[in-house]
2 protein chains.
Amino acid sequence: MSSTRERLVEAMATSLARKGFAGVGVSEVLEQAQTPKGVLYHHFTDGKTGLAIAAIRLSIERITGSLARKRASCEDPIEALELWLEGMRQRLEASSFEYGCPLAATALEVHAEQTELRAALTEGFNALQAEVARTIEAAGIPAARARELAAFFVSAYEGGLMQARVASDSTFLRGICATLLGLLRAEQRLQKPLPQRKNQTKRSVHNA
Amino acid sequence: MSSTRERLVEAMATSLARKGFAGVGVSEVLEQAQTPKGVLYHHFTDGKTGLAIAAIRLSIERITGSLARKRASCEDPIEALELWLEGMRQRLEASSFEYGCPLAATALEVHAEQTELRAALTEGFNALQAEVARTIEAAGIPAARARELAAFFVSAYEGGLMQARVASDSTFLRGICATLLGLLRAEQRLQKPLPQRKNQTKRSVHNA
DNA sequence: CCCAACCTAGACCGATCGGTCTAGAGGAAA
DNA sequence: TTTCCTCTAGACCGATCGGTCTAGGTTGGG
């Protein structure tokens with residue numbers, strides 16, 4: 001059985017992905033979790049904010065875990081990435097283009113005074129980037145470059161999710177996805193062009 | 001000087017860029033615009049929503065106008081893009097990482113029932129992409145490809161803005177920007193490998 | 001001049017916001 | 001059994017939400 005606490009966090013997590021922190025009402029979350037108000041303020045002294053932070057952590061845990069699992073079960077790390085992106089796109093589609101990134105909406109609403117919430121979000125995005133970077137590295141790309149690419153990767157996909165959401169159309173997002181994976185493959189080829197060949201000049205697509 | 005209506009739209013536009021639709025209160029906007037409530041509901045029968053739509057349109061008009069102007073005054077279209085991105089980054093920095101994309105926050109909060117608001121957002125993003133595509137095309141890339149690249153471009157920058165905002169750090173965003181411009185330059189080189197050749201095929205402006 | 005039309009001004013409204021508080025159910029330890 | 005503590009339950013709170021409505025300028029056309 002799921003505890004009331006778990007149900008609350010779960011409900012908040014989906015609500016955050018759908019409308020962000022400012023957009024959700026506490027009563028709404030309570031209703032979805034089938035829980036009276038007392039439970040919330042018993043488990044989370046910080047109320048709505050505390051619950052949101054827990055929800056953000058849960059979402060990130062799940063999403064990074066999902067990528068890690070796919071990476072473990074796939075021969076090719078880049079294919080794992082592809083499957084992972086596809087999974088998120090399908091969730092968006094299955095929810096009639098309501099369920100986007102669990103963090104993004106909140107990230108754009110939060111203001112300077114909400115330090116804890118903001119910290120949880122930063123931490124979340126860092127964890128996300130780190131997991132993607134790990135995957136890219138597993139594809140044979142040096143760590144430093146993998147981090148750069150991961151940052152770019154996450155940004156582009158976040159933007160794509162957002163635009164697909166408003167437009168209620170994900171063909172767009174598929175394009176983004178394909179472009180990103182293409183970039184990674186190209187980078188991969190640069191890194192291990194032909195193992196027998198020495199003295200490869202490395203040309204980077206990107207320029208810092 | 002500025003009419004009350006203009007002040008209202010202005011105030012709403014900045015508020016949307018800072019906290020999104022759900023995050024702003026009407027009274028807050030009224031105060032910032034130094035305007036009593038009656039004015040809002042006189043000019044906008046749809047109230048908050050109507051004002052937000054007007055604000056979205058204004059923001060998009062400004063932002064696309066800014067790019068168009070830079071394109072007109074710059075020799076190199078890609079340099080125009082660079083200046084444009086820089087401008088947005090600077091605005092984010094100057095506002096202590098509060099002022100992000102004027103549409104993004106709202107785009108992630110809006111739900112299916114808010115059809116008009118959603119339509120304004122979609123229209124806005126389309127206009128934005130179109131203006132970027134026009135610039136990329138001016139850099140010598142065929143229209144169809146320019147549109148693809150523009151979509152990618154906008155997505156990546158939106159995502160970058162968001163992450164820079166939460167992290168209160170824009171070094172990250174500079175990286176995204178550099179990568180994007182690098183990609184464009186690479187694409188440009190592919191398109192016109194030897195510029196001194198005579199009888200350059202003029203690329204058609206439009207493509208079904 | 002008068003009088004609409006337009007705009008300003010803010011009191012006021014019910015609904016909902018996030019949060020507090022008290023009462024008690026349930027179970028484990030004594 | 002009694003006691004204590006965790007968790008459930010929801011009535012209740014002031015503040016704020018978005019929105020309505022009436023009254024009072026202000027202005028330009030007749």
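Each chain gets a letter, A, B and so on, in the order its sequence line appears, and its residues count up from 1.
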Set of residues satisfying salt bridge (Lys or Arg N to Asp or Glu O under 4.0 Å) with respect to A:Asp76, sequence neighbours excluded: A:Arg185
From CD (A:Glu10) to OG (A:Ser3), nearest 0.5 Å: 10.5 Å
Determine the sole option in B:Leu161, B:Val166, B:Leu108 for which the side-chain contact (heavy atoms from CB on, under 4.5 Å) test with A:Leu108 is passed. B:Leu108
Reported CZ-to-CD1 distance for the pair A:Phe152 and A:Ile136, which is rounded to 0.5 angstrom: 11.0 Å
Across all chains, not counting sequence neighbours, the side chain to side chain donor-acceptor pair (under 3.5 Å) partners of B:Asp46 are none
Using a cut-off of 4.0 Å between protein heavy atoms and nucleotide atoms, how would you tag nucleotides 8-20 of chain C 5' to 3' with B, S and -? BBBB-----SBBB
Counterpart residues, side chain to side chain donor-acceptor pair (under 3.5 Å), relative to B:Glu113 (two or more places apart): B:His111
List the residues meeting side-chain contact (heavy atoms from CB on, under 4.5 Å) with A:Ala178, not counting sequence neighbours, and say none if there are none. none
Please list, in numerical order, the residues of residues 8-17 of chain B that have a heavy atom closer than 4.0 Å to any atom of DNA chain D. none
